[in-house]
S.K.: 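First the structure, which I've put down as structure tokens, then a few questions once you've had a look.
In each ligand, atom 1 is the first atom listed, and ligand 1 is the first ligand listed.
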Amino acid sequence: MIASVLPTYNRTAFGFVKGEGSWLTATDGSRYLDLGAGIAVNALGHANPDLVAALTEQAGKLWHVSNLYQIPEQQRLADALVNATFADTVFFTNSGTEALELAVKMARKYWYERGEADRFEIVTLEGAFHGRSTAAIAASGAEKMVKGFGPLMPGFRQVKWGDAAALKAATGPQTAAVLVEPIQGEGGIRALADAELRALRALCDETGALLILDEVQCGMGRTGRLFAHEWAGIAPDIMMVAKGIGGGFPLGAVLATERAASGMIGGTHGSTYGGNPLACAVGARVVEIVTEPGFLAEVNRKAALFRQGLEGLVAAHPQVFEAVRGQGLMLGLKCIPAPVEVVKAAYGEHLLTVPAADNVLRLLPALNIADADLAEALARLDRAATALEADAA
Ligand SMILES: *Cc1c(COP(=O)(O)O)cnc(C)c1O
């Protein structure tokens, strides 16, 4: 008999009832240290008092009205994002997948309005993850996501990871946009080097293709800058944001330049819930906190500390860990065994981590995690690795 919750996830036997900072309390009362943060969502930890206040204050005033009306909280959040980024305009969604949908529509409409309706192709990279809608799986192209769900939405072309010549060959007068994650999350904390991002920006400028960056996972302070592309000193034309921006409340956004967004006039896109008062009250507080002076410097300080510890783990457990990768608090440990085995061993130490492709274990702690919790996480990872070595012996 099928489970009452559609069984598309391979879930653990345990679940949680309460959270505080980087700690979760399970149904059996035991505590877990959370280095997954709901897959980079709980950017400011669980039950953050500032976010609880923002949400409950708004909950007592107004939950939902409709985008037919002015929404002051949405306006405030859009202004904050425009002030802090390359963007001139913002559309709010409830998820990263919905942000992908609009990013694709926006790029295609841009060329349509220029009289080039057949310039619709979107170039993406192998290993990409942009969500689970029919467009998003077509954008990824990965067999495990697309198999059985055809026919796929046409107009996406995947290029092999790390093949600059293939990327250049794939991008031409038929290309509406190139869509990449500055650091692939699900793909295994695989970063495009700053030089590669700059070359990609130049390629887009040469060909006219729009540059869409998916910063759903790597954005909102995760890498130690507000958005990951800032490290490379470039700016996209369109950017997808979600996960961390809501701090746990469902919220996503598409940020764009005036030029890239120029086709999206009245009636061309919409969302019932997108940008509703509850989501935007929380999102505005998240953006306020992450852009406070000193916040990102702290992320970078913690990241350096943690990374140093992880390098020590790699040196101490060469049969389990191969290398550390990533930036800021978006870190990965390349594993020798399958990363799910390491995740399970870490569960045994009551530590939550997340597996990814390319044999990588993802570590995505809250951006404000305490130094002591990072030290505790390293100790637990060390014990998990020791347990795996004992099993293998
Ligand atoms: C999670 C993720 C998405 C999809 O976001 P949802 O909120 O799950 O729809 C898209 N792109 C990237 C890079 C992601 O990590």
S.K.: Answer yes or no: does an N/O atom from Thr97 fall short of 3.5 Å to an N/O atom of ligand 1?
M.R.: yes
S.K.: Checking Asp118 against Trp111: is there a side-chain donor and acceptor pair closer than 3.5 Å?
M.R.: no
S.K.: Once you round to the nearest 0.5 Å, how far does CG of Asp194 lie from CH2 of Trp231?
M.R.: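 Answer rounded to 0.5 Å: 9.0 Å.
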S.K.: Heavy atoms only: which of Lys243, Glu98, Gln217 is nearest to atom 1 (C) of ligand 1?
M.R.: Lys243
S.K.: Could you say whether the N/O atoms of Asp214 and ligand 1 ever approach to under 3.5 Å?
M.R.: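 Yes.
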S.K.: Pairs of donor and acceptor atoms involving the side chains of residues 349-356, under 3.5 Å and at least two apart or interchain, shall be tabulated with distances.
M.R.:
unit_1, atom_1, unit_2, atom_2, d
Glu349, OE1, Arg383, NE, 2.9
His350, ND1, Arg31, O, 3.0

S.K.: Any ion pair linking Lys105 and Glu101 (charged N to carboxylate O, less than 4.0 Å)?
M.R.: no
S.K.: Are Arg259 and Tyr110 linked by a side-chain donor-acceptor pair shorter than 3.5 Å?
M.R.: yes
S.K.: Distance alone, cut at 3.5 Å: any donor-acceptor contact between the side chains of Gln217 and Arg362?
M.R.: yes
S.K.: Which bit of Ser95 gets closer than 4.0 Å to ligand 1, counting heavy atoms only: side chain, backbone, both or neither?
M.R.: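 Both parts.
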S.K.: Within the 4.0 Å heavy-atom shell around Glu181, which atoms of ligand 1 are there?
M.R.: 13 (C)
S.K.: Short N/O distance, under 3.5 Å, between Ala242 and ligand 1?
M.R.: no
S.K.: Of all the atoms in ligand 1, which lie at a distance below 4.0 Å from a heavy atom belonging to Gly131?
M.R.: 4 (C), 10 (C)
S.K.: Out of His130, Glu101, Arg132, who gets a non-hydrogen atom closest to atom 10 (C) of ligand 1?
M.R.: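 Ranked by closest heavy atom to atom 10 (C) of ligand 1, first place is His130.
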S.K.: For atom 5 (O) of ligand 1, what is the nearest protein heavy atom, given as residue, atom name and distance?
M.R.: Gly96 CA, 3.3 Å
S.K.: Does some side-chain heavy atom of Met220 sit less than 4.5 Å from a side-chain heavy atom of Leu226?
M.R.: yes
S.K.: May I ask you to check if ligand 1 and Phe129 share an N or O to N or O distance below 3.5 Å?
M.R.: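 Phe129 vs ligand 1: N/O contact under 3.5 Å present.
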